[in-house]
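Order of the sequence lines sets the chain letters (A, B, ...), proteins ahead of strands, with each chain counted from 1.
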Amino acid sequence: MPELPEVETIKKTLKRFVINKTIADVSVLWPNIIKRPDDTEQFKHIVSGQTIHDIKRKGKFLLFQLDESVLISHLRMEGKYSVHPYQEPMKKHTHVVFSFTDGEELRYNDVRKFGTLHVFNKGDEFNHKPLNQLGPDPFDEEFTLDYFYKKLKKTERVIKAVLLDQSIVAGLGNIYVDETLFRANIHPLKKASRLTKREVKVIQEQAIITLRDAVGQGGTTIRSYVNGQGEMGMFQQELFVYGQENQPCKNCGKPIVKMKIGGRGTHVCISCQKIK
DNA sequence: CGATGCCCCTGGTGGC
DNA sequence: TGCCACCAGGGGCATC
């Protein structure tokens with residue numbers, strides 16, 4: 001559920017609490033979260049003793065910059081981070097605990113256990129999965145109109161599926177794809193290769209505007225998402241179509257329709273968004 | 001290349 | 001009220 005704006009919000013919040021903290025020990029309560037290295041003991045050994053100097057983000061990934069390593073975290077559906085004194089009781093579904101030398105702990109909580117953690121040597125992280133599979137972040141300079149148009153031209157898939165593909169552009173998920181396509185007046189089932197350069201430009205612009213606005217609002221709070229402080233995002237008030245099934249379109253008044261595209265719930269105003 | 005389905009998981013929902 | 005089958009959903013992976 002956390003997409004780019006939620007991950008960006010989590011990053012900003014977390015930075016206030018963990019920058020310059022040194023990891024004394026790591027406790028892994030659900031080893032399947034750890035994807036690299038294979039061996040959980042190895043993971044703990046590598047990370048222990050290192051200091052968190054910065055947190056970066058690419059797409060929906062968090063990149064914790066340590067002394068010698070980079071810790072890469074994907075929250076998938078329900079992953080959350082929070083910081084607590086070590087005495088504080090552990091919440092249900094806490095799976096990884098980074099204990100700092102000052103008595104505080106960074107805790108990773110994930111009801112569905114879908115989240116992942118990878119550790120790489122500094123500088124090596126972009127040579128391996130998962131980061132080497134990623135397209136540009138929408139806020140990156142490489143996300144140019146030429147790049148985007150070329151990518152869309154050479155695929156036979158529908159635009160909704162392409163926007164969800166993290167190797168094309170990294171960070172959009174179900175919510176922001178639906179919102180972007182509504183704002184761009186494009187039907188999600190339209191073939192990507194059939195879009196004009198003008199339409200591609202509008203999609204690109206609306207994606208960036210939507211994401212930027214959502215970051216400004218601290219993300220969207222749907223169900224359980226809260227940032228590292230437990231604060232809620234407010235962007236859900238500005239959603240046009242996501243979760244608005246049967247509600248009147250804020251533009252034309254016709255009811256928003258929910259359909260299934262590529263196995264994903266998809267929200268669309270069939271009056272405003274034309275396939276043509 | 002692309003569509004489909006399975007898998008990873010648990011809480012919420014709907015049927016009975 | 002209780003039980004249970006079923007579903008959601010990001011992304012990796014195998015299959016066709």
Visitor: Measure from CD1 on A:I175 to C1' on C:dG9 and round the result to the nearest Å.
Guide: 12 Å

Visitor: Taking OP1 and OP2 of C:dG11, is either one under 4.0 Å from a side-chain nitrogen or oxygen of A:Q166?
Guide: yes

Visitor: With a 4.5 Å heavy-atom cut-off, do A:H53 and A:I19 have their side chains touching?
Guide: no

Visitor: Can you name the atoms? Protein N/O to nucleotides 2-6 of chain B N/O, anything below 3.5 Å, with the distance.
Guide:
residue : atom : partner : partner atom : Å
B:dG2   : OP1  : A:T155  : OG1          : 2.6
B:dG2   : OP1  : A:E156  : N            : 2.9

Visitor: C:dG11, OP1 or OP2 - any side-chain N/O from A:H74 closer than 4.0 Å?
Guide: yes

Visitor: Rounded to whole angstrom units, what separation is found between the CG atom of A:L62 and the P atom of C:dG10?
Guide: 17 Å

Visitor: Kindly give the atom pairs (protein nitrogen or oxygen, nucleotide nitrogen or oxygen) under 3.5 Å for nucleotides 7-10 of chain B.
Guide:
residue : atom : partner : partner atom : Å
B:dC9   : OP1  : A:W30   : NE1          : 3.3
B:dC9   : OP1  : A:N32   : ND2          : 2.7
B:dC9   : O4'  : A:R112  : O            : 3.4
B:dC9   : O2   : A:R112  : NE           : 3.3
B:dT10  : OP1  : A:K113  : NZ           : 2.7
B:dT10  : O2   : A:R112  : NE           : 2.7
B:dT10  : O2   : A:R112  : NH2          : 3.0

Visitor: Dot-bracket for DNA chain C: what is it, with Watson-Crick or G-U pairs under 3.5 Å, [ ] where a pair crosses earlier ones, and | for a pair to another strand?
Guide: .|||||||||||||||

Visitor: For nucleotides 13-16 of chain C, give me every protein contact, N/O to N/O, under 3.5 Å, one pair per line with atom names.
Guide:
residue : atom : partner : partner atom : Å
C:dC13  : OP2  : A:K129  : NZ           : 2.9

Visitor: Do any side-chain atoms of residues 258-271 of chain A form donor-acceptor pairs under 3.5 angstrom with protein atoms, and if so which ones, sequence neighbours left out?
Guide:
residue : atom : partner : partner atom : Å
A:T266  : OG1  : A:K160  : NZ           : 3.2
A:T266  : OG1  : A:R264  : O            : 3.0
A:H267  : ND1  : A:D178  : OD2          : 2.9
A:H267  : NE2  : A:G243  : N            : 3.3

Visitor: Can you list everything that forms a salt bridge (charged side-chain N to carboxylate O under 4.0 Å, His left out) with A:E205? Sequence neighbours excluded, please.
Guide: A:K201

Visitor: Determine the interplanar angle of the A:F120 and A:H128 rings, folded into 0 to 90°, and report it as parallel if under 30°, tilted if 30 to 60°, perpendicular if over 60°.
Guide: parallel

